[in-house]
Amino acid sequence: MQQGINTIVAPTSEAELMQRVEKISGLRLSELASIMNVKMPPDLKRHKGWSGQLIEQCLGASAGSKQIQDFPNLGIELKTLPLSHRMEPLETTYVCYAPLLNNTGITWNSSSVRNKLSRVLWIPIQGERDIPLTDRVVGSGFLWAPNPQEDQLLQQDWEELMDMISLGKIERITAKTGQVLQLRPKAANGQALTSAVGENGDMIQTRPRGFYLRKHFTFNLLQSVFY
DNA sequence: CATTGATCATAC
DNA sequence: GTATGATCAATG
């Protein structure tokens with residue numbers, strides 16, 4: 001068994017964080033779970049965030065549901081990325097909860113989306129469903145920050161979506177809206193409701209939403225990093 | 001068969 | 001309910 005990576009202490013530097021990232025690269029999820037003394041679920045059907053939380057623990061990310069980056073002292077957000085054998089993302093990437101109310105005054109620069117995506121540690125993980133969870137291998141994690149073009153695309157979509165939300169057009173937003181950023185339901189189930197601005201500026205109840213990165217966006221950033 | 005809309009676990 | 005970690009699975 002590997003030594004020295006079963007830490008829960010937050011990394012104090014980027015170099016320290018990346019050393020830990022290198023140490024878990026190439027390991028199967030079962031090996032990682034064993035090292036961390038975490039029980040493995042049979043699959044992800046009822047444990048969708050399991051691998052993400054396992055990696056968090058391995059790297060010493062601060063747990064919890066706080067609206068901050070995973071490594072606040074380093075300004076780095078952690079995201080796992082399920083990949084096919086062709087190195088293509090298998091899922092969209094959740095970014096953050098979408099504010100539906102009281103969002104006047106929020107700009108792209110002060111938005112949660114930009115804050116979360118300003119610097120991301122991506123950890124690729126084999127994600128194909130025919131590979132048993134236990135055998136899926138962790139890939140080489142890498143640091144990424146949006147380049148000017150990516151930042152502009154994200155800003156465009158964010159502004160379009162936030163405008164619609166502010167103007168009471170949230171029910172007109174579908175997952176098709178946005179080139180690289182999507183707004184989709186984000187809740188425990190379809191019955192969950194939250195307040196939002198309606199068509200006439202009134203208050204309506206709607207499904208909570210979250211921001212997600214489209215797969216082609218994460219695919220492209222993978223390409224730019226590895227080629 | 002890719003995508004959209006729905007859903008699962010957990011902390012507070 | 002809000003927010004974190006996400007993937008599932010019905011549907012077109």
Side-chain angles (χ1 to χ4, degrees), chain A residues 8 10 29 32-33 36 38-72 76-86 88-103 106 111-113 115-117 120-134 136 138 141 157 161 165 170-196 203-219:
Chain A
I8 56 166
L29 290 181
L32 228 42
M36 297 307 295
V38 167
K39 188 181 177 186
M40 281 207 69
D43 54 52
L44 295 180
K45 288 181 184 177
R46 297 195 155 271
H47 303 269
K48 298 180 182 180
W50 182 81
S51 29
Q53 292 176 334
L54 177 65
I55 301 296
E56 277 188 346
Q57 286 185 45
C58 289
L59 300 180
S62 52
S65 55
K66 294 187 280 275
Q67 255 188 308
I68 53 172
Q69 292 158 322
D70 293 295
F71 302 99
I76 293 173
E77 171 75 9
L78 174 65
K79 291 287 177 199
T80 57
L81 188 60
L83 296 184
S84 72
H85 66 95
R86 300 176 58 181
E88 294 167 341
L90 288 165
E91 296 291 345
T92 57
T93 300
Y94 170 68
V95 180
C96 63
Y97 216 61
L100 304 185
L101 233 38
N102 305 322
N103 48 31
I106 305 177
S111 69
S112 292
V113 174
N115 178 249
K116 287 287 180 73
L117 296 182
V120 179
L121 172 58
W122 295 97
I123 308 286
I125 301 181
Q126 285 185 334
E128 272 163 336
R129 295 187 195 178
D130 59 5
I131 304 176
L133 186 58
T134 176
R136 298 186 192 177
V138 177
D157 287 346
L161 292 165
I165 290 171
I170 187 168
E171 300 295 11
R172 307 241 280 258
I173 299 174
T174 72
K176 296 180 183 64
T177 312
Q179 296 181 60
V180 298
L181 197 64
Q182 297 174 299
L183 195 75
R184 307 216 311 273
K186 172 64 173 166
N189 54 59
Q191 282 71 55
L193 292 174
T194 191
S195 299
M203 192 100 96
I204 63 169
Q205 293 297 109
T206 189
R207 303 188 309 291
R209 314 297 165 91
F211 288 105
Y212 298 81
L213 296 176
R214 292 188 184 278
K215 289 192 283 188
H216 73 74
F217 182 82
T218 46
F219 175 74

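Per chain, numbering begins at 1; letters A, B, ... match sequence-line order.
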Discussion item. Among A:L213, A:V120, A:L117, exactly one meets side chain to side chain contact (heavy atoms under 4.5 Å, CB included) together with A:T93. Which residue is that?
Written reply: A:L213
Practice prompt. Check the pair A:E56, A:D70 against side-chain contact (heavy atoms from CB on, under 4.5 Å), reporting the backbone distance first and the verdict last.
Written response: CA-CA 8 Å; A:E56 277 188 346; A:D70 293 295; 3.3 Å; yes
Fill in: Basic-acidic side-chain contact under 4.0 Å: A:R129, A:E91
yes
Rounded distance in Å - [atom1] ([X]) to [atom2] ([N]):
X: A:K176; N: C:dG12; atom1: NZ; atom2: C1'; answer: 9 Å
X: A:Y94; N: B:dT10; atom1: OH; atom2: C1'; answer: 13 Å
X: A:L213; N: C:dG5; atom1: CG; atom2: P; answer: 13 Å

Worksheet entry | Of A:A192 and A:I68, the one whose closest DNA chain C nucleotide lies more 5' | A:A192
Worksheet entry | Nearest-nucleotide 5' precedence on DNA chain C, A:R129 against A:E77 | A:E77
Worksheet item: Between A:K116 and C:dT4, is there a side-chain N or O to OP1/OP2 distance below 4.0 Å?
Response: yes
Worksheet item: OP1 or OP2 of B:dT3 sitting under 4.0 Å from any side-chain N/O of A:R214?
Response: no
Worksheet item: So, does the side chain of A:K186 form a donor-acceptor pair with the base of C:dT4 at under 3.5 Å?
Response: yes
Worksheet item: So does A:K48 reach the base of B:dT7 with its side chain, donor to acceptor, closer than 3.5 Å?
Response: yes
Practice prompt. Evaluate the criterion side-chain contact (heavy atoms from CB on, under 4.5 Å) for residue pair A:Y94 and A:K186; output intermediate values, then yes/no.
Written response: CA-CA 9 Å; A:Y94 170 68; A:K186 172 64 173 166; 3.6 Å; yes
Worksheet item: Start at the 5' end of DNA chain B and walk down; is the nucleotide closest to A:Q191 or to A:L90 reached first?
Response: A:L90
